Amino acid sequence: VFGKDITLLLILNNLASDRKTVKVDMSASTVLYTRRAVTEILKATTSVDLGSKQGKHIRLKIPYSYYGKYLTTDKRIQVTALCEVLHRQGLKLLVEKTIILEDTNIIIKMPRRVVVNKAVTLEISYANPLPEPVSRCVLLVTLMNQQVKIHLARLAPRERSKIYFEFTPRKSGPLQLQVDFSCDKFSHVKGFVTIAVAPA
């Protein structure tokens, strides 16, 4: 989840009966959705001795403080591990994983029944998932082809807050509400809901 430390596990298994030493070069970079690297955030090298038919785990931790300010709006991190069996020329294995960090910031609550020409009040809850305060918070609400920009108070670390938003639907059928939350430390955290508007 965005704002939390990331922990990964690399599992190495020696399927042969002879002992092996494996050198592992690990790196992590923030990337765009096209997989183009933006910034390298972690580099580490370790070596592991594997006995006959033995397996071992290598734990890799990427703290939020390493990736937070380098993350793009795609919220993707590419992790690679190049595993080389020493004293066995040319025996290498590349392991790659792309992590897409999830947002759990926006929660939209609405009444069970929404009717044409009757005022509706929605509860929009938003949060700061980071271990540091955020300021310049803005909520952009898009509904019925109109946008409303709401300036919000700063949020303490891990703080959740909410606002109430009122509107009156003018026709029946499905209506999509979209919420976009931005601040000085991250941007474009989105939430949306489809509202079924009943005839009067």
Side-chain angles (χ1 to χ4, degrees), residues 1-16 19-51 53-107 125-138 140 154-160 179-192:
V1 175
F2 174 61
K4 301 268 177 77
D5 294 349
I6 300 164
T7 303
L8 300 167
L9 212 57
L10 177 67
I11 302 167
L12 296 175
N13 287 310
N14 179 8
L15 304 176
R19 196 173 184 79
K20 287 184 174 62
T21 301
V22 182
K23 180 188 168 204
V24 184
D25 289 317
M26 294 176 284
S27 68
S29 298
T30 57
V31 292
L32 301 172
Y33 74 96
T34 56
R35 292 182 54 158
R36 186 170 74 79
V38 177
T39 307
E40 187 174 73
I41 52 173
L42 183 71
K43 202 170 179 63
T45 300
T46 187
S47 64
V48 180
D49 288 317
L50 295 171
K53 310 284 186 189
Q54 188 183 19
K56 282 190 179 175
H57 294 177
I58 298 174
R59 189 178 295 272
L60 180 68
K61 187 175 182 180
I62 308 173
Y64 165 74
S65 58
Y66 283 27
Y67 73 80
K69 60 184 172 189
Y70 300 112
L71 209 58
T72 70
T73 52
D74 295 331
K75 295 187 176 66
R76 289 169 188 253
I77 294 173
Q78 177 93 14
V79 181
T80 61
L82 180 63
C83 308
E84 182 182 359
V85 181
L86 299 180
H87 318 302
R88 295 286 175 100
Q89 208 164 357
L91 198 56
K92 293 181 180 180
L93 173 70
L94 181 68
V95 181
E96 285 188 326
K97 182 165 181 66
T98 302
I99 300 158
I100 302 170
L101 298 171
E102 292 176 13
D103 291 318
T104 54
N105 288 6
I106 306 286
I107 299 168
S125 156
Y126 54 95
N128 171 15
L130 308 184
E132 56 189 333
V134 296
S135 57
R136 298 201 299 276
C137 303
V138 175
L140 194 64
R154 71 197 297 275
L155 290 172
R158 314 276 187 216
E159 184 185 357
R160 179 168 283 282
V179 177
D180 187 311
F181 178 54
S182 295
C183 66
D184 64 332
K185 301 279 189 336
F186 56 86
S187 59
H188 305 304
V189 173
K190 296 181 187 297
F192 68 91

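No experiment lies behind these values; they were computed from the predicted model shown.
Here the side chains of V95 and T80 are not in contact, with every heavy-atom distance at 4.5 Å or above. By the 4.5 Å heavy-atom criterion applied to side chains, I106 and F192 are not counted as neighbours. Between K92 and D25 there is no side-chain heavy-atom pair separated by less than 4.5 Å. Contact annotation: the side chain of Y33 never approaches that of I100 to less than 4.5 Å [non-hydrogen atoms, C-beta and beyond]. I77 places none of its side-chain heavy atoms less than 4.5 Å from the side chain of V31. Taking the side chain as every heavy atom from C-beta outward, K4 and P129 never approach each other to under 4.5 Å. Looking only at side-chain heavy atoms (C-beta outward), K185 and E132 come within less than 4.5 Å of each other. Counting heavy atoms from C-beta on, the side chains of I6 and L101 come closer than 4.5 Å.
For H188 against S182, the heavy-atom pair with the smallest separation is N-OG, 3.0 Å. The minimum heavy-atom distance linking N14 with A16 is given by the pair OD1-N, 3.0 Å. Annotation for K75 and L71: closest pair CA-CG, 3.8 Å, computed over non-hydrogen atoms. Y67 and I41 make their closest contact through CB-CD1, 3.6 Å (heavy atoms, listed as atom of the first residue, atom of the second, distance). Across all non-hydrogen atoms, the minimal contact from C83 to L10 is SG-CD2, 4.2 Å. Scanning all heavy atoms of the two residues, the minimum distance from G55 to L50 falls at C-CD2, 4.3 Å.
Distance alone, capped at 3.5 Å, is enough to place a donor-acceptor pair between the K56 side chain and the D49 backbone. Checked by atom type and distance alone, the side chain of D184 pairs as donor or acceptor with a backbone atom of S135 at under 3.5 Å. A donor-acceptor pair is defined here as one N or O able to donate and one able to accept, closer than 3.5 Å; such a pair exists between the side chain of K53 and the backbone of L15. A donor-acceptor contact shorter than 3.5 Å is absent between the side chain of S29 and the backbone of Q78. Judged purely by atom type and a 3.5 angstrom limit, D180 has no side-chain atom pairing as donor or acceptor with the backbone of K190.
A distance of 6.5 Å separates CG in L130 from SG in C183, rounded to the nearest 0.5 Å. Atom-to-atom distance recorded for I62:CD1 and I99:CD1 is 5.0 Å, nearest 0.5 angstrom. In this structure, L8 CG and H57 NE2 are separated by 13.5 Å, a value rounded to the nearest 0.5 Å. A distance of 7.0 Å separates CZ in R19 from CD in Q54, rounded to the nearest 0.5 Å. Here T30 contributes atom OG1 and K69 contributes atom NZ; the two are 12.0 Å apart, rounded to the nearest 0.5 Å. Atom CD of E84 is separated from atom OG1 of T21 by 11.5 Å, given to the nearest 0.5 angstrom.
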Requested in this report: Start with the C-alpha gap between R59 and T7, add the side-chain angles, then the distance that decides, and say whether side chain to side chain contact (heavy atoms under 4.5 Å, CB included) holds.
Outcome: CA-CA 7 Å; R59 189 178 295 272; T7 303; 3.5 Å; yes
Report task. Check step by step if side chain to side chain contact (heavy atoms under 4.5 Å, CB included) holds for V48 and I58. Result -> CA-CA 9 Å; V48 180; I58 298 174; 3.5 Å; yes
Report task. Starting from the C-alpha separation in whole Å, work towards a yes-or-no answer on side chain to side chain contact (heavy atoms under 4.5 Å, CB included) for L12 and V24. Result -> CA-CA 10 Å; L12 296 175; V24 184; 4.0 Å; yes
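Ring geometry for Y126 versus F181: interplanar angle of 30 to 60°, hence tilted.
Other residues, nucleotides and ligands contribute only 12 or fewer heavy atoms inside 6.0 Å of the NZ atom of K61. Annotation: Y66, atom OH; neighbour count of heavy atoms from other residues, nucleotides and ligands within 6.0 Å does not exceed 12.
Judged purely by distance below 3.5 Å, without hydrogens or angles, the side chains of E40 and Y70 never pair a donor atom with an acceptor atom.
Salt-bridge check for E96 with R35: passed, with a basic side-chain N closer than 4.0 Å to an acidic carboxylate O.
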